Amino acid sequence: MNAIESLKYFVPELILLGGAFVALTLDFFLRQKKLVGEFALLVIVLALCLAKAPTQPLPLFFGMFELDAFAHFFRYLALGAVGITILISLGYSPLQKRYTGEFYSLFLFMAFALITVAAANNLLMIFLSIEFVSLLSYLLVGFLKEDPKSKEAAIKYLLFGSVCSGIMLYGMSLLYGATGSLELPVIGNALLGAPFKPLATAAILFFFTGLGFKISMAPFHMWAPDVYEGAPTPVTAFLTVAPKALGFAVLTRVLDMIFWNFQSVWTPVLVILSILTMTIGNITAVSQSNIKRFLAYSSIAQAGYILMGLAAFSHLGRDAVLIYLFAYLMTNLGAFTVVLFVAGETQSDSLDAYAGLSKRSPMAAAMLTIFLLSLAGLPPLAGFIGKYYVFAAAIQGKFIMLTIFAAINSVIAAYYYFRIIRLMYLTPATGPAFAAPSKALTVALWTLFLSVLALGIFPSFFITRILG
Amino acid sequence: MPILEMAAKFGTYAVMAVILIFALGVVTLRNIFHCALCLAAALIGTAVLYVAFRAEYLAAIQILLYVGAVVTLIIFAIMLTEHLAGKTVRQNNSQSPLAIAGLLGFVALLTVVILKTPWPVTQTALKAKVSVMALGEALMGTYVFPFEVISIILIAALIGTVVIAKKDAPEERL
C-alpha cells in the first residue's frame with residue numbers, strides 16, 4: 001500500500017505525533033505545567049478511541065508498517081501504558097517544573113515509537129524502532145539531572161544498550177548478507193534452502209542479546225536494578241512494562257517469521273534462559289531493602305515466566321505471552337503507583353517506609369497487597385490468569401523441568417511478596433498518617449486496581465478480546 | 001585479467017588490515033587525541049572500501065559525514081575540554097584479559113559461521129549499482145516511512161538531549 005493510501009489507517013499515530021509537537025508548543029505558553037500533562041493524556045485517549053482493529057493485515061507504507069491483529073493488541077498495550085504513566089506523573093513531585101512539558105512530550109513520542117515497534121515487519125524497521133524506544137528511554141531515565149543516581153543510571157543504560165543493539169545489528173547484517181532481503185517472511189523462506197544452520201544459530205543468539213536486553217532477560221539483566229532504582233519513579237514503572245512487552249512482541253515476530261524452521265535450536269536456549277532469568281530475579285529479590293530495586297528484580301523474574309510461554313511456542317504459548325503481558329502491565333503499574341505515592345509522602349524508597357502502612361494509609365496498603373498478590377499469581381487476580389496460561393503452555397509442550405523450576409520459583413516469589421505484606425500489616429507504624437493521594441493518583445490506582453480484579457474475576461471477557 | 005583482479009583483491013584485504021590496525025589504535029592508545037586521529041583514519045579506510053565495492057556515493061557521504069563532521073566534532077570536544085587534551089588515559093583495567101578472551105571466542109565463532117555459510121552470489125547482486133537518483137527515489141518511495149521515522153527519532157532525541165545537557169543557572173529555576 002502506498003504512503004497516501006496508508007495515511008487513513010495511520011490516524012492514531014499521526015495524532016500522537018501532532019500531540020507531541022503541540023505539547024512542546026503549549027509548554028511555552030502555559031505556566032501551569034500540569035495542563036501540558038493533561039493535554040498529553042487527552043491525546044492518548046483520543047488515539048485510543050480512534051485505533052480501529054484491522055479486519056485483515058494491512059501492509060501500510062509499502063509494508064514498512066504491518067498493521068495486523070498482533071500489532072493492534074500491542075498498540076492498545078502501548079497506549080495504555082503511556083497513558084497510565086502520564087497520569088501518575090501528574091502526581092510526581094521531584095520532576096523539575098521547568099522541563100515537565102518536555103517530559104510529557106517525550107512520552108507521546110514514546111507511544112509512537114512503541115507502536116512502530118509492534119508493527120515492524122522487516123529488519124530495518126525493527127532496528128530503527130527499537131533504537132527509537134531505547135534512545136527515549138535513556139533520556140527519560142536521566143531526566144532528574146540534579147540527581148547523581150539518575151545520571152548514573154542513564155549512562156549505564158546507554159552503554160549497555162548500545163553494545164547489545166550493536167550485537168543485534170551484526171546479526172541482522174549476517175541475515176541480510178545470506179538472504180539479500182530485509183523482509184522477515186522472505187528471510188525465513190530463504191533460510192530454508194541452503195545449509196544455513198550455523199548462520200541462523202548465530203543470528204538467533206545475536207537477536208537474543210539485543211532483545212534480551214530490552215526484556216531484561218538473564219544474562220543481560222545487569223542494568224535493570226540500577227536503572228530502575230535511579231530513574232524517576234513513573235519512568236521506572238513505564239520501563240518495567242512497556243519496552244519489555246514490545247521486546248516480547250518483536251521476539252515473537254522474529255522467532256515466528258524468520259526462525260520457525262530452527263525451533264530445535266532455540267527452544268533449549270530459551271528454556272535455559274527462562275529458568276536462569278526467573279531464578280536470578282527471585283533469589284536476588286529476597287535480599288533487597290529498596291522497594292524499587294525489589295520490584296526491579298521481581299520484574300526480571302516475571303520476564304522469566306513470560307519466556308516460558310515463548311519457549312513452548314505453541315498456539316497456547318503465544319496466547320499465554322499476550323495474556324501474561326496484559327495482566328503484568330496492570331499489576332506492575334499499580335504496584336509502582338503505590339510506590340510513587342508512598343515515596344511522595346515519606347521521601348524514601350526504602351522498605352522501612354512501608355512498615356505499618358496499613359495504619360498510615362489503609363487504602364494504599366490494601367491496594368499494594370492486591371498488586372503484590374497478583375504478582376505472586378494468586379487467584380482470583382490478574383496475575384493468576386497469566387501464570388495459569390503460561391504453566392498450561394509449558395505442560396502442554398512437555399517442558400516438565402521448566403514447569404518444576406517455575407513452580408519452585410513461584411514459591412520463593414510468594415515468600416518475598418508476603419514479606420512486604422507482613423511489613424505493612426504487622427509492624428507498628430513509624431510516622432503519622434498520610435494525606436489522601438492526589439486526584440490523578442487516585443484515578444490511576446482505582447483504574448489499575450479494578451482492572452486487576454476484573455481480569456481475575458471475569459477472565460473470559462478479557463481473554464476473548466485479547467485474542468480477538 | 002587475472003593479475004589486475006588479484007591486485008584488486010590484495011588491495012582490498014590490505015585496506016581492511018589497515019582499518020583493523022587503526023581501529024585497534026582507537027581502543028588501545030593512551031592519548032585521547034591520537035585515538036581520535038586513528039578513528040578518522042579508520043573511517044577514511046571504510047570509505048576506501050566503499051569505493052572498491054562501487055558505492056562511490058556512500059564513500060563520499062562517509063567522508064563528508066563521519067570524517068568531516070563527527071571526527072572534527074570529537075577533536076573540537078577534546079581540545080575544548082582542556083584537562084583531556086594532553087593527558088594520557090589508561091584504556092584497560094583488571095577485567096581486560098577476561099574481555100579479550102571473550103572477544104576472541106566471539107571472533108572464532110563468527111569465523112566458523114562465516115566460513116560455513118554458502119554466501120549466495122547472484123548475478124543481480126554482482127551487477128547492482130545504485131545511482132544517487134535511485135537512492136533518492138527509494139527514500140521518497142518504498143523507504144519513505146523509515147526515512148520519516150528517522151527524522152522523528154532525531155528531533156525527539158535532540159529535545160531530550162537539550163533538556164539533559166543544558167546547564168541551568170540556579171536563579172533560573174522555577
Side-chain angles (χ1 to χ4, degrees), chain A residues 2-3 6 10 17 20-21 24 31 33 60-65 96-100 102-103 105-106 108-110 112-113 116 122 124-125 127-129 131-132 135-136 138-140 142-143 145-146 151 154 167 170 174 177-180 190 193-203 205, chain B residues 23 27 53 95 99 102-103 105-128 130 137-174:
Chain A
N2 75 29
S6 308
F10 200 62
L17 279 182
F21 288 112
L24 275 179
R31 280 198 79 73
K33 300 294 182 195
L60 302 188
F61 299 104
F62 305 99
M64 292 288 165
F65 187 94
Q96 253 191 60
K97 242 182 165 178
R98 204 184 161 76
Y99 299 116
T100 319
E102 284 86 350
F103 185 79
S105 166
L106 284 183
L108 290 179
F109 280 120
M110 181 65 107
F112 175 79
T116 49
N122 68 37
L124 175 65
M125 280 315 295
F127 181 72
L128 265 186
S129 52
E131 275 310 280
F132 194 0
L135 282 175
L136 288 175
Y138 308 147
L139 290 168
L140 287 169
F143 222 81
K145 45 200 256 188
E146 313 286 306
K151 280 192 263 188
I167 293 176
Y170 196 86
L174 286 180
T179 61
F196 279 124
K197 200 168 174 185
L199 180 119
T201 312
L205 293 180
Chain B
V27 291
F53 298 147
Q95 290 177 355
L103 205 71
F106 188 69
V107 171
L109 174 85
L110 279 182
T111 318
V112 172
V113 167
I114 290 173
L115 289 181
K116 274 201 174 169
T117 305
W119 300 96
V121 182
T122 54
Q123 280 306 311
T124 44
L126 280 178
K127 283 193 191 125
V130 180
E137 270 169 15
L139 277 185
M140 283 293 122
T142 325
Y143 290 96
V144 68
F145 186 66
F147 183 65
E148 292 300 330
V149 169
I150 289 177
S151 46
I152 296 165
I153 295 177
L154 286 180
I155 199 157
L158 203 66
I159 294 165
T161 319
V162 168
V163 170
I164 288 197
K166 196 168 161 242
K167 196 168 187 174
D168 305 326
E171 68 269 23
E172 254 191 305
R173 261 175 234 155
L174 289 173

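In this text the structure is predicted, and so the values were computed from the model without any measurement. To find a chain, count down the sequence lines: A is the first, B the second, and so on, and within it residues start at 1.
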Checklist entry - A/M64 versus chain B, heavy atoms under 4.5 Å apart: side chain, backbone, both or neither? => result both
Next on the checklist: Could you tell me if the side chain of B/K166 sits less than 4.5 Å from the side chain of A/Y99, heavy atoms only?
Outcome noted: yes
Checklist outcome for this item: Heavy-atom nearest pair, B/A156 first then A/L139, reads O-CD1, 4.2 Å
Checklist entry - More than 12 heavy atoms of other residues, nucleotides or ligands under 6.0 Å from CZ of A/F127: is that the case? => result yes
Checklist entry - Can you say whether A/F21 sits under 4.5 Å from chain B via the side chain, the backbone, both, or neither, judging by heavy atoms? => result side chain
Checklist entry - Under 4.5 Å between any side-chain heavy atoms of A/L174 and B/W119, yes or no? => result yes
Item to check | Region of A/L136 in contact with chain B, defined by heavy-atom distances below 4.5 Å | outcome: side chain
Next on the checklist: So which atom in A/P198 and which in B/V113 form the shortest heavy-atom distance, rounded to 0.1 Å?
Outcome noted: O-CG2, 3.8 Å
Item to check | Residue part contacting chain B, namely of A/L135, when any heavy atom lies under 4.5 Å | outcome: side chain
Checklist entry - Tell me, side chain or backbone of A/A3 under 4.5 Å from chain B's heavy atoms, or both, or neither? => result side chain
Item to check | Polar side-chain atom of B/K116 near backbone of A/P195 as donor-acceptor pair, under 3.5 Å | outcome: no
Checklist entry - Within a strict 4.5 Å, meaning less than it, do heavy atoms of the B/I152 and A/F132 side chains meet? => result yes
Checklist outcome for this item: If one checks every heavy atom of B/V144 against chain A at 4.5 Å, the contacting part turns out to be side chain
Next on the checklist: Can you tell me which portion of A/L24 sits under 4.5 Å from chain B's heavy atoms? Options are side chain, backbone, both or neither.
Outcome noted: side chain
Item to check | A/F62, CZ: over 12 other non-hydrogen atoms inside 6.0 angstrom | outcome: yes
Checklist entry - So what's closer than 4.5 Å to chain B heavy atoms on A/F103: side chain, backbone, both or neither? => result neither
Checklist entry - What part of B/I164 lies closer than 4.5 angstrom to a heavy atom of chain A: side chain, backbone, both or neither? => result both
Next on the checklist: Looking at B/L109, I'd like to know if its CG atom is crowded, meaning that more than 12 non-hydrogen atoms belonging to other residues, nucleotides or ligands lie closer than 6.0 Å.
Outcome noted: yes
Item to check | is_close_aromatic(A/F10, B/F145), centroid dist under 6.0 Å | outcome: yes
Checklist entry - Looking only at heavy atoms, what is the nearest atom pair of B/V163 and A/E102, with distance? => result CG2-CG, 3.6 Å
